[in-house]
K.L.:
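Please read through the structure below; I'll follow up with questions.
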Amino acid sequence: MKMRSVLHVSILSAVLASIVPTFLVAQNTHCVATANSLTAAGWRAPAAPPSAGGPLRLVQDISLPGPANRFDYQSIDPVRRRLYISHMNAGRVVVFDLDSSRVVGEVAGTPRVTGIWAVPAHNMIYASAAGNHEVVGIDEQTLKITARVGGVRFPDGIAYAPTEHKVFVSDESGSADVVIDARTNKKLSTIELGGEAGNTHYDSVSHCIVVAVQTRNQLVAIDPASEKIVARYDLPGSDHPHGFTIDEAGRLAFVSCEGNGELLVVDLRTMRVLSTQRVGDDPDVLAWDPTWRRLYVASESGVLSTFRVDGSTLRALPEIRAPHAHSVSVDPRTHRAYLPLEDVAGKPVLRVMAPDAS
């Protein structure tokens, strides 16, 4: 048991070193959310690096196992250098090695898998098996399902609060966020949101869990310690906000709206909408490259929108179009973008793209 604890500490340290900017490590250990801010008073952002890279170019298409049907969310484990992909309508999780660029495994028993999130500190991958109304825990070493948490109507997006060792899961049709103890893999609570849950993310600066409540056009802040809603923020101009991602250092949230194909840029210091951008119809999954300050928005309509972010200004780059290109992830080490496509000449592929150097 002692050896396992040492391993967990080592892995967590590696995670922090590889994906968490230095300024985030010594931040608040309690949720800081007021009626008009998700940033502590007096907090100062470090100087943001300039955005980098030009338009995306194709690196390669890699064959994926399974039938030619729908994929959903993805999650990168920077410690093991793996990409986990939800092959939703195949009911499987695809395991892809980022360094060798090959598929190294599949996990069955995850019907209609949607959300997925790797938690290296616990050697676990959490996946939303919506077909079984449950969240499953997959051991990262054995790729075996070792935990199941049921009673979730439609589990979707997943986030992890590291200080509390808690997993938060969007229950979309259940209008709630479900909380799971990552140490015991037992359900702790169900937080009623008052509307359909969009995606869920953890913000290291405010130390809050943030949820899009799509039928109320709001972002909601949850204190991961108390498991209570502590603030609600209206999003003027939004229509069914489902997906979002956070630029923690720049204190921005990028929120995509399924109803009107708009992307909102929200200042997390004031919770005001700074600007809107047009993206593809029915935007779904977003990915953020914090080092090169590049934002990707993948839409159900088959459009991948790419932006360079200078300060709080978004500069659009040429769109990429591919059928069913509604899921995207980005490797922060190599800056490569990954798009699982369900049907290219009758087979599923992982399209790997990289920014032109500029």
Side-chain angles (χ1 to χ4, degrees), residues 8 66 69-75 77 84-95 105-162 164-202 209-215 220 222-229 242-243 284-285 327:
H8 286 174
N69 59 24
R70 181 184 176 87
F71 292 90
D72 207 20
Y73 287 101
Q74 307 172 62
S75 178
D77 178 347
Y84 301 103
I85 307 169
S86 295
H87 197 170
M88 181 176 178
N89 286 0
R92 291 172 175 259
V93 172
V94 178
V95 185
E106 272 191 295
V107 182
T110 57
R112 210 178 177 194
V113 57
T114 55
I116 191 161
W117 197 256
V119 181
H122 291 276
N123 292 306
M124 293 291 282
I125 311 144
Y126 291 92
S128 294
N132 281 350
H133 311 288
E134 66 181 5
V135 178
V136 301
I138 303 166
D139 186 291
E140 279 204 282
Q141 294 177 320
T142 65
L143 296 181
K144 303 293 184 184
I145 295 174
T146 57
R148 296 183 182 272
V149 179
V152 189
R153 285 181 60 183
F154 192 90
D156 196 24
I158 302 176
Y160 175 66
E164 292 79 13
H165 301 276
K166 293 176 182 179
V167 176
F168 288 75
V169 183
S170 304
D171 183 355
E172 184 170 1
S173 57
S175 299
D177 239 47
V178 174
V179 188
I180 299 168
D181 188 329
R183 292 165 292 197
T184 63
N185 289 317
K186 303 294 184 183
K187 184 192 292 186
L188 295 173
S189 66
T190 298
I191 303 168
E192 300 295 334
L193 299 173
E196 286 183 3
N199 209 346
T200 297
H201 285 289
Y202 173 71
I209 291 290
V210 184
V211 188
V213 184
Q214 52 198 24
T215 50
V220 166
I222 294 171
D223 182 344
S226 66
E227 300 164 26
K228 304 289 186 184
I229 293 174
H242 177 78
D284 190 3
V285 180
S327 177

K.L.:
Would you say the side chain of Asn185 lies within less than 4.5 Å of the side chain of Met124, judging by non-hydrogen atoms?
P.N.:
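Sidechains of Asn185 and Met124: in contact.
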K.L.:
Would you say the side-chain atoms of Ser189 pair up with the backbone N or O of Val179, donor to acceptor, closer than 3.5 Å?
P.N.:
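Such a contact is absent between Ser189 side chain and Val179 backbone.
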K.L.:
Please list every donor-acceptor pair under 3.5 Å in which a side-chain atom of residues 111-118 meets a protein atom from a residue at least two apart or in another chain.
P.N.:
from: Thr114; atom 1: OG1; to: Pro155; atom 2: O; distance (Å): 2.8

K.L.:
Do you know the tightest heavy-atom contact between Asp77 and Pro120?
P.N.:
OD1-CG, 3.4 Å
K.L.:
Is there a side-chain contact between Asp284 and Tyr73, using heavy atoms and a 4.5 Å cut-off?
P.N.:
yes
K.L.:
Would you say the side-chain atoms of Thr215 pair up with the backbone N or O of Glu196, donor to acceptor, closer than 3.5 Å?
P.N.:
yes
K.L.:
Which heavy atom of Ala212 sits nearest a heavy atom of His242, and at what distance?
P.N.:
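Of all heavy-atom pairs spanning Ala212 and His242, the closest is CB-O, 3.9 Å.
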K.L.:
For Asp171 versus Phe154, what's the shortest heavy-atom pair and its separation?
P.N.:
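Closest heavy-atom pair between Asp171 and Phe154: OD1-N, 2.8 Å.
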K.L.:
Any non-hydrogen side-chain atom of Ile125 less than 4.5 Å from a side-chain atom of Ser75?
P.N.:
no
K.L.:
Which residues satisfy the salt bridge (charged side-chain N to carboxylate O under 4.0 Å, His left out) test with Asp72, sequence neighbours excluded?
P.N.:
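Asp72 satisfies salt bridge (charged side-chain N to carboxylate O under 4.0 Å, His left out) with Arg70 only.
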K.L.:
Under 3.5 Å, side chain of His133 to main-chain N/O of Gly151, donor-acceptor pair present?
P.N.:
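No, His133 side chain to Gly151 backbone: no donor-acceptor pair under 3.5 Å.
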K.L.:
Please report the shortest heavy-atom distance between Gly91 and Thr110, naming the atom on each side.
P.N.:
O-OG1, 2.9 Å
K.L.:
How many angstroms lie between CZ in Arg92 and CD in Glu106, if you round to the nearest 0.5 Å?
P.N.:
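Between Arg92 CZ and Glu106 CD, I get 4.5 Å after rounding to 0.5 Å.
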K.L.:
Might you point out which heavy atoms bring Gly109 and Ile145 nearest each other, and give the distance in Å?
P.N.:
O-CD1, 3.6 Å
K.L.:
Would you say the side chain of Val93 lies within less than 4.5 Å of the side chain of Ile138, judging by non-hydrogen atoms?
P.N.:
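Counting from C-beta outward, Ile138 and Val93 do come under 4.5 Å.
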K.L.:
Looking at CD of Gln141 and CG of Asp139, how far apart are the two atoms once the value is rounded to the nearest 0.5 Å?
P.N.:
5.5 Å
K.L.:
Could you give the distance from CG (Leu193) to CD1 (Ile222), rounded to the nearest 0.5 Å?
P.N.:
5.5 Å
K.L.:
So, for Tyr126 and Ile158, which heavy atoms are closest and what is the spacing to 0.1 Å?
P.N.:
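What the structure gives for the nearest pair is O-CD1, 3.4 Å.
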K.L.:
May I ask you to test the Asp177-Thr200 pair for a side-chain heavy-atom distance under 4.5 Å?
P.N.:
yes
K.L.:
Checking His201 now: which residues fulfil side-chain contact (heavy atoms from CB on, under 4.5 Å) with it, not counting sequence neighbours?
P.N.:
Asn199, Phe244, Ile246
K.L.:
Please identify each residue that fulfils salt bridge (charged side-chain N to carboxylate O under 4.0 Å, His left out) with Arg148, with sequence neighbours left out.
P.N.:
Glu134
K.L.:
Could you pull out all residues at least two apart from Glu140 that satisfy salt bridge (charged side-chain N to carboxylate O under 4.0 Å, His left out)?
P.N.:
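Counting only residues at least two positions away or on another chain, Glu140 forms a salt bridge (charged side-chain N to carboxylate O under 4.0 Å, His left out) with Arg80.
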K.L.:
Please report the C-alpha distance between Ile180 and Val135 in whole Å, then the side-chain angles of each, then the deciding distance to 0.1 Å, and finally whether the side chain to side chain contact (heavy atoms under 4.5 Å, CB included) criterion is met.
P.N.:
CA-CA 9 Å; Ile180 299 168; Val135 178; 4.0 Å; yes
K.L.:
What pairs with Lys187 under salt bridge (charged side-chain N to carboxylate O under 4.0 Å, His left out), at least two apart in sequence or on another chain?
P.N.:
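Counting only residues at least two positions away or on another chain, Lys187 forms no salt bridge (charged side-chain N to carboxylate O under 4.0 Å, His left out).
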K.L.:
Evaluate the ring planes of His87 and Phe71, with Trp represented by its six-membered ring, and classify them as parallel (under 30°), tilted (30 to 60°) or perpendicular (over 60°).
P.N.:
parallel
K.L.:
How many angstroms lie between atom OG of Ser226 and atom CD1 of Ile191, to the nearest 0.5 angstrom?
P.N.:
8.0 Å
